[in-house]
Asker: 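Quick one: the structure is below, questions incoming.
Each chain gets a letter, A, B and so on, in the order the sequences are listed, and its residues count up from 1. For clarity, every value in this text was computed on a predicted model and none was experimentally measured.
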Amino acid sequence: MASRVSSKGKGKAGRGAEDGPTARFVKEWSTWTMKKAKVIAHYGFIPLIIVIGMNSEPKPHLSQLLSPV
Amino acid sequence: MGSSVSHAANPPSPPPPAPVVGLAGVLPPKTEEKGETKVDWLNLPCPVPFEEIQREALMSLKPELFEGLRFDFTKGLNQKFSLSHSVFMGSMEVPSQSSDTIKVPTSHYEFGANFLDPKLMLVGRVLTDGRLNARVKCDLTDNLTLKINAQLTNEPHYSQGMFNFDYKGKDYRSQFQIGNNAFYGANYIQSVSPHLSLGSEVFWLGHQRKSGIGFAARYNTDKMVATGQVASTGIVALSYVQKVSEKVSLASDFMYNHMTRDVTSSFGYDYILRQCRLRGKIDSAGCVAAYLEERLNMGINFILSAEIDHRKKDYKFGFGMTVGE
């Protein structure tokens with residue numbers, strides 16, 4: 001009875017001894033991945049668009065990227 | 001020399017009229033103006049996407065009103081790739097708990113890069129305070145499209161992102177959405193007649209354990225569009241757009257929020273003329289707004305925006321210029 005109550009209250013984490021560390025590990029690993037992916041997307045998205053654009057046909061010149069005309 | 005008209009190539013003489021056979025000689029000929037009276041129920045057109053069900057009404061009634069100065073410069077490097085620079089100086093409204101409007105003077109410079117390909121679209125905008133707006137649209141197959149929409153900030157826990165998977169069938173569309181904060185949504189819209197399409201959506205918010213369901217209907221002909229939406233969050237939204245002529249459309253909109261007992265209705269017009277586009281609207285909350293985009297020259301547009309809220313005594317006027325396509 002006590003274990004059923006505790007599992008309802010805690011959700012996934014308190015289900016059983018063998019699931020606990022695995023579920024926690026997956027959750028921590030996915031949080032770490034999402035944080036790194038967010039930083040990579042934040043800094044790398046605009047450079048990615050510029051690289052893809054500069055390599056598309058017809059290839060624009062680097063001076064066209066920087067000059068205001 | 002005489003006339004140079006050659007008679008060598010005679011125009012072919014018109015073919016003799018076909019003999020009239022049977023009943024066709026007795027009944028009057030079928031006129032073309034009546035149009036197709038028989039509906040092909042197996043070949044209905046594909047409906048608009050669910051989130052664009054009120055697209056005509058939103059385009060006419062909700063222009064991007066702003067206060068202050070706006071200057072946008074778009075420079076195309078080739079057909080698919082362009083960079084944009086945008087400067088804004090003015091006041092932005094901060095949502096506040098009380099009924100007073102709090103305006104904060106802001107100014108920012110926004111740099112953007114766009115890559116537009118038939119199969120892949122990448123749009124990114126970054127502001128001076130480090131906020132990034134990213135939009136990606138990728139056609140994975142002929143019918144399946146992936147769309148990603150994200151606003152990333154430097155402050156923790158303020159970033160938002162949404163992944164959408166769209167599937168387009170012959171006369172239906174379906175979409176599945178995954179967002180941050182464990183948001184899951186799905187919607188489906190189906191054409192049931194050449195003019196009428198019905199759709200529904202469900203969503204589930206993981207962190208707050210909230211879920212909702214909504215239904216929508218859209219009836220459109222060449223001259224008018226009428227839509228209605230009902231959601232379990234207590235919102236009823238109706239809209240009607242009538243295209244009075246090629247250049248003029250009139251639109252009206254009604255929204256009722258059952259939770260807050262809030263009723264708003266607005267009525268507006270949209271003039272699309274050769275050199276300008278003028279949109280104006282009046283609201284039941286005592287708000288009158290107008291938005292003018294005037295084409296001064298090829299690629300140079302002048303923008304005026306005005307919003308007068310009589311009830312809150314809030315007057316917003318803005319002007320700007322857009323250079324580039």
Asker: Is B/Glu307 paired with B/Lys316 through a side-chain N to carboxylate O contact shorter than 4.0 Å?
Answerer: yes

Asker: Counting a contact as any heavy-atom pair under 4.5 Å apart, which residues of residues 59-66 of chain A contact chain B?
Answerer: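 Listed by number: A/Pro60, A/Gln64, A/Leu65.
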
Asker: Would you mind checking which part of A/Met54 comes under 4.5 Å of any heavy atom in chain B, side chain (CB onward), backbone (N, CA, C, O), both or neither?
Answerer: both

Asker: Between B/Trp204 and B/Phe183, is there a side-chain heavy-atom distance shorter than 4.5 Å?
Answerer: no

Asker: Any carboxylate oxygen within less than 4.0 angstrom of a Lys/Arg side-chain nitrogen, looking at B/Arg173 and B/Asp166?
Answerer: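 So B/Arg173 does not pair with B/Asp166 through a salt bridge.
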
Asker: Are B/Arg135 and B/Met121 close enough that some pair of their side-chain heavy atoms sits under 4.5 Å apart?
Answerer: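 SC-SC contact between B/Arg135 and B/Met121 confirmed.
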
Asker: With a 4.5 Å cut-off on side-chain heavy atoms, are B/Phe73 and B/Val87 touching?
Answerer: no

Asker: For B/Thr153, is it the side chain, the backbone, both, or neither that has a heavy atom closer than 4.5 Å to a heavy atom of chain A?
Answerer: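 When you check distances to chain A, only backbone atoms of B/Thr153 fall under 4.5 Å.
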
Asker: Is it the side chain or the backbone of B/Leu83 that comes within 4.5 Å of chain A heavy atoms, both, or neither?
Answerer: side chain

Asker: Looking only at heavy atoms and a cut-off of under 4.5 Å, which of A/Ile52, A/Val39, A/Leu48 has the most pairs with chain B?
Answerer: A/Ile52

Asker: Heavy atoms, side chains only, cut-off 4.5 Å: are B/Glu293 and B/Pro63 in contact?
Answerer: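 They are not in contact (no side-chain heavy atoms under 4.5 Å apart), so the answer is no.
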
Asker: Under 4.5 Å, counting heavy-atom pairs only, tell me which of B/Val136, B/Leu77, B/Val126 racks up the most with chain A.
Answerer: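 Option with the top pair count is B/Leu77.
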
Asker: Is it true that B/Tyr172 and B/Tyr188 have ring centroids separated by less than 6.0 Å?
Answerer: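 When the ring centroids of B/Tyr172 and B/Tyr188 are compared, they turn out to be within the sub-6.0 Å range.
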
Asker: Given heavy-atom pairs under 4.5 angstrom as the criterion, report whether the side chain, backbone, both or neither of B/Asp117 touches chain A.
Answerer: neither

Asker: Is B/Val123 close to chain A through its backbone or its side chain, or both, or neither, when contacts mean heavy atoms under 4.5 Å?
Answerer: backbone

Asker: At their closest point, which heavy atom of B/Ala113 faces which heavy atom of B/Arg125, and how far apart are they?
Answerer: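 That closest heavy-atom pairing would be N-NH1, 3.7 Å.
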
Asker: Closer than 4.0 angstrom, basic N to acidic O: yes or no for B/Lys80 and A/Glu57?
Answerer: no

